[in-house]
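Below you'll find the structure, written out as structure tokens, and then a few comments.
Quick note: numbers below take in every heavy atom, side chains included, and nothing from hydrogens, waters or symmetry partners. Treat the numbers as computed from the prediction; the structure is a model and nothing was measured.
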Amino acid sequence: MAGPSGAQGTSSVRGRGCSGGARGSGLLRACHPEPAAAVTALVTVLAAVSGRGPAGCAVVGAAVLCGQLSVGWCNDAVDAVRDTAAGRTDKPVAAGTVTRTAVAVAAGLALAGCVPLSLAAGRLAGSAHLLGVAAAWAYNLGVKRTAASWLPYALGFGLLPAFVTLGLAGHPWPPAWAVAAGALLGVGAHFTNVLPDIDADLAAGVRGLPQRLGRRRTRVLAPLPLLAASAVLVLGPPGPVGPAGWSALALTAGLAAATTAAGRPAHSRVPFLATLAMAATAVALLVLHGGSLTRG
């Protein structure tokens with residue numbers, strides 16, 4: 001990404017001055033470990049409840065982990081100059097604990113490992129997963145600065161159920177409700193992730209869809225795709241809804257109302273935390289209905 005070469009050079013010099021342990025810690029933090037672990041765990045559990053055996057689940061988990069690591073490291077490598085110029089000490093490259101080159105190399109290696117691991121889960125399944133990973137890389141490499149910033153999230157999350165089911169016997173395509181719920185969950189994740197940093201992003205020239213909408217409108221809109229995802233996951237699968245489904249939908253609706261309540265300070269974290277809770281509820285519903293992924 002274009003930026004002052006001096007900022008990048010400073011980061012590299014400071015990174016070389018760190019101990020091996022500090023560089024390892026910085027590399028770990030640069031991969032965005034929390035979302036990487038969460039997505040990996042989600043898809044692995046989906047694989048298990050949909051009928052994959054232990055070996056198949058291990059391959060699926062390893063492929064998703066490599067893909068997520070590559071995306072996280074790609075993000076920090078691409079944003080290194082901007083993060084350094086902005087003094088982002090929460091970013092390892094900007095803080096000087098690891099070099100941009102090391103993060104970029106790690107991203108490439110993780111991506112290289114993701115390809116054979118994805119295809120080992122099945123040619124069709126692997127292709128679906130690699131398309132989602134490619135969408136995430138496209139987001140990092142420039143789509144996040146456009147009004148279509150939501151699209152890679154929708155595509156990447158929407159294809160996760162396909163990665164699970166296309167590797168099963170008969171290569172069934174997941175039901176429409178699972179794909180729709182995954183895509184909506186991805187859009188909600190995008191809005192939720194961006195919400196706390198909208199002002200800083202705008203100052204840095206990042207103008208994705210949430211930044212263009214602004215903090216107030218994004219706070220109001222962020223819960224809607226998550227609420228819709230929960231509704232799809234409650235009403236879409238075959239069979240009666242049951243008390244658990246209605247309770248989850250009521251909880252999600254209550255959290256959606258909490259995010260848009262008037263009278264909060266502009267920088268309150270309540271909307272962000274509430275949308276995180278909504279996302280967790282939607283994920284729980286997706287796992288609950290994982291056994292229905294191959295039954296329509």
So that I can tick it off, tell me whether Lys91 and Asp76 are bridged by a salt bridge, with the cut-off set at under 4.0 angstrom between side-chain N and carboxylate O. yes
| said: Looking at Asp201 and Arg215, is any side-chain nitrogen of the basic one under 4.0 Å from a carboxylate oxygen of the acidic one? | reply: no
Please give me the minimum heavy-atom distance between [X] and [Y], naming the atom from each residue.
X	Y	value
Ala135	Pro152	O-CB, 3.2 Å
Thr44	Cys57	CG2-O, 3.9 Å
Ser50	Leu168	O-CD1, 3.7 Å
Gly182	Phe157	O-CB, 3.0 Å
Ser149	Leu209	OG-N, 2.8 Å
Asn75	Asn140	ND2-OD1, 3.2 Å

Quick one: [atom1] on [X] to [atom2] on [Y], what's the gap to the nearest 0.5 Å?
X	Y	atom1	atom2	value
Leu227	Leu255	CG	CG	10.0 Å
Thr192	Arg219	OG1	CZ	13.5 Å
Leu233	Leu249	CG	CG	10.0 Å
Leu226	Thr281	CG	OG1	9.5 Å
Ile198	Arg216	CD1	CZ	11.5 Å
Tyr139	Lys144	OH	NZ	6.0 Å

Please check: side-chain N/O of [X] versus main-chain N/O of [Y], any donor-acceptor pairing under 3.5 Å?
X	Y	result
Arg52	Ala48	no
Thr218	Leu213	no
Arg207	Arg145	no
Ser292	Pro237	no
His190	Tyr153	no
Gln68	Leu65	no
Thr146	Gly142	no

Pairs under 3.5 angstrom only: tabulate donor-acceptor contacts from the side chains of residues 116-134 to other protein residues two or more places apart or in another chain.
unit_1 : atom_1 : unit_2 : atom_2 : d
Ser118 : OG     : Cys114 : O      : 2.7
Ser118 : OG     : His129 : ND1    : 2.8
Ser127 : OG     : Arg123 : O      : 2.8

**Q.** Trace of the side-chain contact (heavy atoms from CB on, under 4.5 Å) decision for Leu251 with Met278
**A.** CA-CA 8 Å; Leu251 173 62; Met278 292 176 67; over 6 Å; no
Evaluate the side chain to side chain donor-acceptor pair (under 3.5 Å) criterion for residues Trp137 and Ser70: first the C-alpha distance (whole Å), next the side-chain angles of each, then the deciding distance (0.1 Å), finally the verdict. CA-CA 8 Å; Trp137 273 67; Ser70 79; 3.1 Å; yes
For residues [X] and [Y]: do they belong to one hydrophobic cluster (side chain heavy atoms under 4.5 Å, members Ile, Leu, Val, Met, Phe, Trp, Tyr)?
X	Y	value
Val64	Leu109	no
Leu42	Val234	yes
Leu141	Leu111	yes
Leu159	Val187	no
Val232	Val241	yes

Evaluate the side-chain proximity of [Y] to [X]: yes if any heavy-atom separation is below 4.5 Å, no if none is.
X	Y	value
Val43	Val164	yes
Leu285	Ser230	yes
Val143	Leu151	no
His32	Val71	no
Val283	Leu185	yes

- Verify side-chain contact (heavy atoms from CB on, under 4.5 Å) between Leu27 and Trp73, making sure each step is shown before the conclusion. CA-CA 8 Å; Leu27 194 61; Trp73 279 323; 3.7 Å; yes
Point to revise | Verdict with supporting geometry, Thr97 and Ser25, side-chain contact (heavy atoms from CB on, under 4.5 Å) | key: CA-CA 8 Å; Thr97 55; Ser25 175; over 6 Å; no
Step by step, work out the side-chain contact (heavy atoms from CB on, under 4.5 Å) result for Phe163 and Leu46. CA-CA 10 Å; Phe163 181 38; Leu46 278 180; over 6 Å; no
